[in-house]
**Q** 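The structure's right below; bear with me while I get my questions together.
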Amino acid sequence: MPRPCDLKRRVFLFLALLLFSATMAACGGNGGPASSPTETEPLRTPPSITPSPPPPESAYRLVWREAGAKEDVIWKTMPSNAGQREAIARVPHREGTNIVASLSPDQRLLAYLTLPEGAADTDISQAEAHILDLALKTDTVIGGNMDFKFRPFWSPDGQLLFMRRYAGSEILAADVILIETRVARAPLPGEPPPTPAATAAPGATPPPPEDPLKPVLKAKYSQVLAFIPVAYGPDDRSLYFVQSSGGTQEGAILGQLTPATAAAIDQAQADWQAQVKAILDAYPTPDPNATPPPPDAPPTPAPPTLPPSPAPSTKMVLQLTDQMGEDYELSPDKTKLSFVVSGILEGGFVNEAMVADLTTSAVTPAPSAGLWTGDRVSPVWHPDGRLTLGLLPHAGPAGSAVLMPLGGGPPQFLHSPAKGFDAPRAWSPDGLYLAVTEYTGDSIANPGEASLAVVAIGGQRVEITKGEANSSEIAILGWFK
C-alpha cells in the first residue's frame with residue numbers, strides 16, 4: 001500500500017504508462033506478465049461471512065506503535081480483546097514527528113529512528129538511530145544520518161541490525177547504502193560480564209577501532225534507488241534483498257547477501273583465521289641467525305599470498321519486474337516472493353499482485369479467479385502457504401482481505417469493513433489473526449482515514465484503533481508471544 005507521499009510519483013507513472021500503452025498499441029507491441037494485470041470477473045454481491053463467536057484465543061500478541069504529538073507508545077495487545085493491552089515502551093520525540101521502530105526477535109531491544117532538532121524533513125537522511133533496552137531502561141544513540149523512511153531490519157538472531165542511508169549533498173549524486181551494525185546486549189543483573197576483547201601485545205601498535213556501522217551494499221542513486229531487505233533465505237544465513245533501480249534500467253531485482261547473521265560472520269572470520277594460520281605455520285619466518293644454506297641449495301619457495309579478510313558477497317537471484325514494485329514478502333517455505341506492480345487495465349491505473357517462484361524463476365500474476373475487478377494491495381502470506389490479498393473493487397462492496405490457494409481452489413473471504421477496504425499487514429504465526437490497516441476511502445489515491453484492526457480467520461473482526469487521519473500514525477511491529 002503506497003504512502004500518501006508516493007501518490008505524486010504514481011500519478012506521474014500512470015501518465016507515463018498511458019503514453020507507453022498507446023505507443024505499444026500503435027506498434028502492435030505486447031507487455032510481459034508484470035506489466036499486464038489480469039482481468040477478473042466482478043461479483044455482484046460480497047460473500048456472506050458468518051463469524052462464530054467468540055473470537056479465538058491466541059498465544060500471540062500484536063505489537064504496534066501509536067503516534068502522539070510528543071511521545072509514541074509501543075503497545076502489546078491481545079487480538080481477541082483490544083482492551084487487554086500493555087505499554088511496553090514510551091518514546092519521546094520532537095513535536096510534530098514520530099518514531100520509526102522495530103522490535104528485536106527476543107523483544108528486549110527496540111531499535112528506532114527519530115528526527116533530531118534541526119532536521120529539515122523526512123526525505124533526506126537526517127534521522128538518528130537509537131537502541132532502547134527495554135530490560136535495563138537504557139537508550140543509546142548508535143548512529144546518525146539514517147533514512148527515516150526505512151524501518152530498521154533485525155536479523156533472526158537479534159544481533160545484527162540493518163539500516164539505510166543516502167549519503168551526498170544532492171540526491172541525484174548521492175550514494176544509497178545499506179548499513180549493518182552488530183548490537184551488543186549489556187548483561188542483565190546476575191549475568192556474567194562479556195568476555196573482554198583481545199588487546200595488542202606490549203609495545204605493539206593497536207589497530208584502529210572499527211566503525212560499528214559497516215556498509216554492506218552501496219551504489220549510486222542515479223543507478224539504484226533503494227536496497228530493501230526482505231527476509232532470510234532457506235540457509236538462515238543469507239539475506240534476500242530487492243534492488244530497486246530507476247532511469248533507463250527501471251525495475252526490481254532480487255539479490256542475496258551472504259553472510260548476514262552474527263554466527264555466519266563469526267564462522268567466516270574463524271575459517272579465514274585458521275586458513276591464514278595454516279599458511280604461516282607451513283612457511284615460518286626465516287631465522288635471521290640461522291646458518292646460510294650452501295650455494296647449490298634449492299631456493300626456498302616463497303610463501304603464498306595470504307587470502308583477504310572475509311567480506312559479504314552478493315549475487316543476483318532473479319529479475320522480478322521491469323517496473324517499480326513494492327510490498328515484497330517471502331512465503332513461509334521461502335520458495336516464493338509476492339509483490340505489487342502497477343499497470344493499465346481498461347484504461348485505468350491498477351495495482352496487480354505478482355508471485356515470483358524462486359525455484360523455477362517464473363514471475364506470474366497472483367491467482368484471481370472469482371475476485372472483483374480492481375486493485376490488489378499489500379499481499380501477505382498465511383502460515384499455511386496461501387496468499388492473502390487486499391481487494392479494492394472498482395465498484396461494488398467494501399474491499400475485504402481474501403485467502404488465495406496458489407494450487408487452485410476457491411478463495412476464502414475474510415470479514416470486510418463496513419466501508420472502504422483493508423490492507424493486510426501480518427498474520428499471527430498460528431494463523432488465527434490477520435492484522436490489517438482499515439481505510440475508509442474508495443481508492444489508493446483517496447484512502448481516507450486509517451484504523452488498525454485484526455480479522456480472525458473464523459470471521460470475527462476486532463477494532464484496535466479508530467479513525468486515525470493518516471496511515472503513518474499506525475505502525476505494526478509484528479506478532480510476539
Side-chain angles (χ1 to χ4, degrees), residues 1-2 6 9-10 13 16-17 20 31-37 147 149-151 153 155 162-167 171-180 214-261 311-331 333-343 351-366 376 378-381 387:
M1 176 71 187
D6 295 330
R9 175 182 67 81
R10 303 196 71 175
L13 177 61
L17 284 168
F20 176 79
S35 306
S36 304
D147 178 16
K149 293 185 176 181
F150 174 73
R151 189 161 73 100
F153 184 92
S155 62
F162 294 88
M163 298 172 288
R164 194 167 63 199
R165 172 185 290 163
Y166 292 93
I171 187 62
L172 293 180
D175 292 322
V176 54
I177 307 169
L178 187 68
I179 291 174
E180 167 200 285
K214 302 179 184 300
V216 290
L217 295 172
K218 183 177 180 180
K220 288 294 183 183
Y221 183 80
S222 57
Q223 299 173 327
V224 175
L225 301 180
F227 294 115
I228 307 168
V230 176
Y232 277 74
D235 61 1
D236 292 325
R237 64 187 300 271
S238 301
L239 174 64
Y240 281 130
F241 67 92
V242 170
Q243 176 179 301
S244 179
S245 303
T248 58
Q249 302 296 320
E250 183 177 78
I253 299 173
L254 182 66
Q256 193 174 48
L257 175 72
T258 307
T261 64
S313 63
T314 60
K315 69 175 183 179
M316 296 298 108
V317 177
L318 179 62
Q319 175 79 39
L320 298 173
T321 174
D322 56 4
Q323 304 178 52
M324 301 296 291
E326 60 187 9
D327 295 338
Y328 302 97
E329 180 160 318
L330 193 65
S331 63
D333 64 2
K334 302 186 178 184
T335 65
K336 297 177 179 64
L337 185 78
S338 61
F339 60 99
V340 168
V341 295
S342 300
N351 274 2
E352 178 76 357
M354 309 296 295
V355 176
D357 190 315
L358 306 187
T359 303
T360 65
S361 299
V363 182
T364 56
R376 313 288 185 248
S378 305
V380 297
W381 296 90
L387 185 62

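Numbers here are sequence positions counted from 1. The analysis underlying the following values was restricted to heavy atoms, covering all of them including side chains, and did not include hydrogens, waters or symmetry mates.
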**Q** Who are the side chain to side chain contact (heavy atoms under 4.5 Å, CB included) partners of Ala219, not counting sequence neighbours?
**A**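 If we apply the side chain to side chain contact (heavy atoms under 4.5 Å, CB included) test to Ala219, skipping adjacent residues, the hits are Val176, Val224, Phe227.
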**Q** Please report the interatomic distance CG(Leu217) to CG(Leu239), rounded to the nearest 0.5 Å.
**A**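 Atom-to-atom, Leu217:CG and Leu239:CG are 8.0 Å apart.
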**Q** For side chain to side chain contact (heavy atoms under 4.5 Å, CB included), just list the numbers for Thr258 and Arg237, CA-CA rounded to whole Å, side-chain angles, deciding distance to a tenth of an Å, and then say yes or no.
**A** CA-CA 7 Å; Thr258 307; Arg237 64 187 300 271; 3.1 Å; yes
**Q** Could you state the interatomic distance from OG (Ser378) to CD (Glu329), rounded to the nearest 0.5 Å?
**A**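 Reported value, rounded in 0.5 Å steps: 10.0 Å.
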**Q** Compare every heavy atom of Ala366 with every heavy atom of Leu387, then report the nearest pair and how far apart it is.
**A** CD2-CB, 3.7 Å
**Q** Please evaluate residues Leu330 and Leu358 with respect to the criterion side chain to side chain contact (heavy atoms under 4.5 Å, CB included), reporting the C-alpha separation (whole Å), side-chain torsions for both, the decisive distance (0.1 Å), and the verdict.
**A** CA-CA 10 Å; Leu330 193 65; Leu358 306 187; 3.9 Å; yes
**Q** Start with the C-alpha distance between Met324 and Ser244, add both sets of side-chain angles, then the distance that settles side chain to side chain contact (heavy atoms under 4.5 Å, CB included), and finish with yes or no.
**A** CA-CA 7 Å; Met324 301 296 291; Ser244 179; 3.6 Å; yes
**Q** Under the criterion side chain to side chain contact (heavy atoms under 4.5 Å, CB included), I'd like the reasoning laid out for Met354 against Leu320: C-alpha separation, chi angles, the key distance, then a yes or no.
**A** CA-CA 9 Å; Met354 309 296 295; Leu320 298 173; over 6 Å; no
**Q** Can you name the nearest heavy-atom pair linking Pro312 to Pro259, along with the distance?
**A** CA-CD, 4.1 Å
**Q** Partners of Tyr328 by ring-ring contact (aromatic ring centres under 6.0 Å, His included), sequence neighbours excluded?
**A** Phe339
**Q** Taking atom CD1 of Ile179 and atom CZ of Phe153, what is their separation to the nearest 0.5 Å?
**A**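 The distance works out to 16.0 Å.
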**Q** List the residues meeting ring-ring contact (aromatic ring centres under 6.0 Å, His included) with Tyr221, not counting sequence neighbours, and say none if there are none.
**A**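 For Tyr221 the ring-ring contact (aromatic ring centres under 6.0 Å, His included) partners, ignoring immediate neighbours, are Tyr166.
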**Q** Considering non-hydrogen atoms only, spot the tightest contact between Leu318 and Val363 and give its length.
**A**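 Taking Leu318 first and Val363 second, the nearest heavy atoms are CD2-CG2, 4.2 Å.
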**Q** Looking at residues at least two apart in the chain, or sitting in another chain, which of them share a side chain to side chain donor-acceptor pair (under 3.5 Å) with Asp236?
**A** Lys334
**Q** Looking only at heavy atoms, what is the nearest atom pair of Tyr240 and Pro234, with distance?
**A** OH-CD, 3.8 Å
**Q** Got a donor-acceptor contact below 3.5 angstrom from the Glu352 side chain to the Pro365 backbone?
**A** no
**Q** What is the distance from atom CG of Leu257 to atom NZ of Lys315, rounded to the nearest 0.5 Å?
**A**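 Nearest 0.5 Å value for the CG-NZ distance: 12.0 Å.
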**Q** Please list, chain by chain and in numerical order, all residues satisfying side chain to side chain donor-acceptor pair (under 3.5 Å) with Ser331, sequence neighbours excluded.
**A** Asp333
**Q** Which residues pass the salt bridge (Lys or Arg N to Asp or Glu O under 4.0 Å) test with Arg165, not counting sequence neighbours?
**A**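 Salt bridge (Lys or Arg N to Asp or Glu O under 4.0 Å) check on Arg165 returns nothing, list empty.
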**Q** Measure from the side-chain N and O atoms of Asp175 to the backbone N and O of Ile177, and report whether any donor-acceptor pair falls under 3.5 Å.
**A** no
